[in-house]
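Since the structure is predicted, the reported quantities are computational estimates derived from the model, not experimental observations. Side chains included, hydrogens not; waters and symmetry mates left out as well; all remaining heavy atoms used.
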Amino acid sequence: MRATIIHGAGDVRIEDVPDPKLQAPTDAVVRVLRSCICGSDLWPYGSLPASAEGQRIGHEFLGVVEETGTDVSGLKAGDVVVAPFVWADNTCDFCREGLQTSCRHGGTWGAGDVDGCQGEAVRVPQAQGTLVKLGVGEDDALLPSLLTLSDVFPTGHHCAVTAGVNPRTTVTVIGDGAVGLSAVLAAKRLGAERIILMGRHTARTDLGREFGATDVVPERGEEGIAKVRDLTGGDGTHTVLECVGLEPAVDTALGVVRDGGTVSRVGAPQYGQVSMDFGTFFRNITLTGGVAPARAYIDELLPDVLDGKIQPGKVFDRTVELEQVPTGYREMADREALKVLVTP
């Protein structure tokens, strides 16, 4: 079959790889219907050392079950399913606590002998715990929004939940990428009435307004902090959702959060420390967040997607076929595309 291989920074290729086969009785083989390029894929795309053999990449997909191992129940050939961005048994103590990202028997896509997800098919370890049946057909118009349940929308939701967003909290979202826009949508879904989106790309912030942002602040740094403070009577917002992953974004978050408030960070951190000095300590600021256990949220979010109450799939503004994935990476890296949908 054909699949995406990254050989180093800026070097993504579509190559022939072995067809996936069942290796354990807990496996399933899934034919991919939709996958996508994640903002976190751009970090290796920008910095991975070159290698001749390369490695599989991609961690978001939905597809059709083709085959299941003998220990897999509740799934059958023909089921349309979505997979979270890590695989997990969904039964260990961490999974039962809603932390499938720390599953004792789980792992990540594209690591070791596990397939990356930007390809024609995927072997799914721990399939019974990982895959979620969607109850739709292979050509359903909801597939883009359902695909966001693999990562980007649960990540935005995780950011809002860990920050404590509710109808009584004001919110600042930092970052107008797909995760930031998903965080806006999640905050609105949780009842927030005041959502300030910090972003400077008009097409993206327009979608942010559609998702529920009440204010847009394009300024950055101290100027952006001053603008948010001005919008909130000098206090800042109760919660801040940091969806970038760079140190200046964290500094901005600490600058716009209200005393006694919470900063949640879900942007994959590209920094080694957070500057929380005595002044921040004295303000009683909480720092939380982390990688989203998407599997913990899919069952909650799925009904609203199926009912059309939310349309997170609008974050996809470019669609490519599998052979065009290298172009999709370039367009996202060059900010010509917000998030690229892949149709194998």
Side-chain angles (χ1 to χ4, degrees), residues 38-40 43 59-60 84-86 98-102 145 148-199 204-205 207-208 211-217 224 228 236-258 261-271 274 276 285-298 300-301 304-305 310 312 314-315 338-339:
C38 181
S40 62
W43 297 118
H59 54 262
E60 301 163 274
F85 66 90
V86 299
L99 200 63
Q100 288 87 341
T101 45
S102 295
S145 284
T148 68
L149 296 175
S150 184
D151 183 351
V152 65
F153 187 52
T155 296
H157 178 71
H158 181 65
C159 198
V161 168
T162 53
V165 173
N166 62 61
R168 296 177 301 281
T169 57
T170 52
V171 182
T172 297
V173 176
I174 299 177
D176 58 9
V179 172
L181 296 177
S182 295
V184 170
L185 184 60
K188 181 65 175 180
R189 179 180 174 276
L190 291 171
E193 295 184 357
R194 183 78 184 273
I195 304 171
I196 301 170
L197 173 59
M198 299 189 75
R204 301 181 181 192
T205 56
L207 180 57
F211 278 177
T214 54
D215 305 271
V216 170
V217 174
V228 173
T237 55
H238 299 95
T239 60
V240 181
L241 314 185
E242 190 277 293
C243 303
V244 178
L246 297 175
E247 190 171 3
V250 178
D251 292 340
T252 296
L254 294 172
V256 300
V257 68
R258 191 178 190 269
T262 301
V263 172
S264 179
R265 55 177 189 152
V266 295
Q270 306 301 304
Y271 50 87
V274 175
M276 297 187 71
I285 304 304
T286 297
L287 180 65
T288 186
V291 64
R295 183 63 185 85
Y297 297 127
I298 292 176
E300 173 189 350
L301 300 174
D304 282 357
V305 175
I310 53 175
K314 288 187 175 184
V315 296
L338 170 58
K339 190 168 178 67

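Note: Leu181 CG to Lys339 NZ = 11.5 Å, rounded to the nearest 0.5 Å. Separation of atoms CZ (Arg265) and CG (Leu254) is listed at 10.0 Å; rounding is to 0.5 Å. Expressed to the nearest 0.5 Å, how far CZ of Phe153 lies from CG of Leu185 amounts to 4.5 Å. Between the CD atom in Glu60 and the CG atom in Asp151 there is a gap of 4.0 Å [rounded to 0.5 Å]. The CD atom of Gln100 lies 10.5 Å from the CZ atom of Phe85; values are rounded to the nearest 0.5 Å. Taking OG of Ser145 as the reference point, atom CD1 of Ile310 lies at 7.5 Å (rounded to 0.5 Å).
Every residue two or more places apart in sequence or in another chain that forms a side-chain hydrogen bond (donor to acceptor under 3.5 Å, both in side chains) with Lys314 is listed here: Glu210. In this structure Asp251 satisfies the salt bridge (Lys or Arg N to Asp or Glu O under 4.0 Å) test with no other residue, sequence neighbours excluded.
In this structure a side-chain-to-backbone donor-acceptor pair under 3.5 Å is present from Glu242 to Val244. Using a distance-only test at 3.5 Å, with no hydrogens or angles considered, a donor-acceptor pair links the side chain of Gln270 to the main chain of Ala268. Proximity of a side-chain donor or acceptor of His157 to a complementary backbone N or O of Ala186 within less than 3.5 Å is not detected. Panel note: side chain Asp215, backbone Ala213; no donor-acceptor pair is recorded below 3.5 Å.
Thr205 approaches Gly199 most closely through the heavy-atom pair CG2-O, 3.6 Å. Nearest heavy-atom pair, Ala292 versus Pro154, reported as atom, atom and distance to 0.1 Å: CB-O, 3.9 Å. The heavy-atom pair separating Thr162 from Ser264 by the smallest distance is OG1-OG, 2.7 Å. Scanning both residues, Ala192 and Thr169, for their nearest heavy atoms gives CB-O, 4.0 Å. Taking all atoms of both residues into account, the shortest heavy-atom contact from Val173 to Ala183 is CG1-CB, 4.2 Å. Annotation for Leu246 and Tyr271: closest pair C-CD2, 3.8 Å, computed over non-hydrogen atoms.
Salt bridge absent: Arg168 and Glu193 never bring a charged side-chain N and a carboxylate O closer than 4.0 Å.
A side chain to side chain donor-acceptor pair (under 3.5 Å) check over residues 172-185, counting only residues at least two apart or in different chains, returns the pairs Thr172-Thr237, Asp176-His201.
Between Pro84 and Ile298, the closest side-chain pair of non-hydrogen atoms falls below 4.5 Å. Counting only heavy atoms from C-beta outward, the side chains of Val305 and Leu149 approach each other to under 4.5 Å. Contact annotation: the side chain of Met198 approaches that of Val228 to within less than 4.5 Å [non-hydrogen atoms, C-beta and beyond]. Inter-residue side-chain proximity for Thr288 and Val263 is flagged as unmet; no heavy-atom pair is nearer than 4.5 Å.
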Residues Leu241, Val165; criterion side-chain contact (heavy atoms from CB on, under 4.5 Å); working and verdict: CA-CA 10 Å; Leu241 314 185; Val165 173; 4.3 Å; yes
Please test Val274 against Leu287 for side-chain contact (heavy atoms from CB on, under 4.5 Å), starting from the C-alpha separation and ending with a verdict. CA-CA 10 Å; Val274 175; Leu287 180 65; 4.1 Å; yes
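Using bins of under 30°, 30° to 60° and over 60° for the plane-to-plane angle, the ring pair His158/Tyr297 lands in the tilted bin.
In summary, the side chains of Thr239 and Thr262 do not present any donor paired with an acceptor at a separation below 3.5 Å, with no hydrogens or angles considered.
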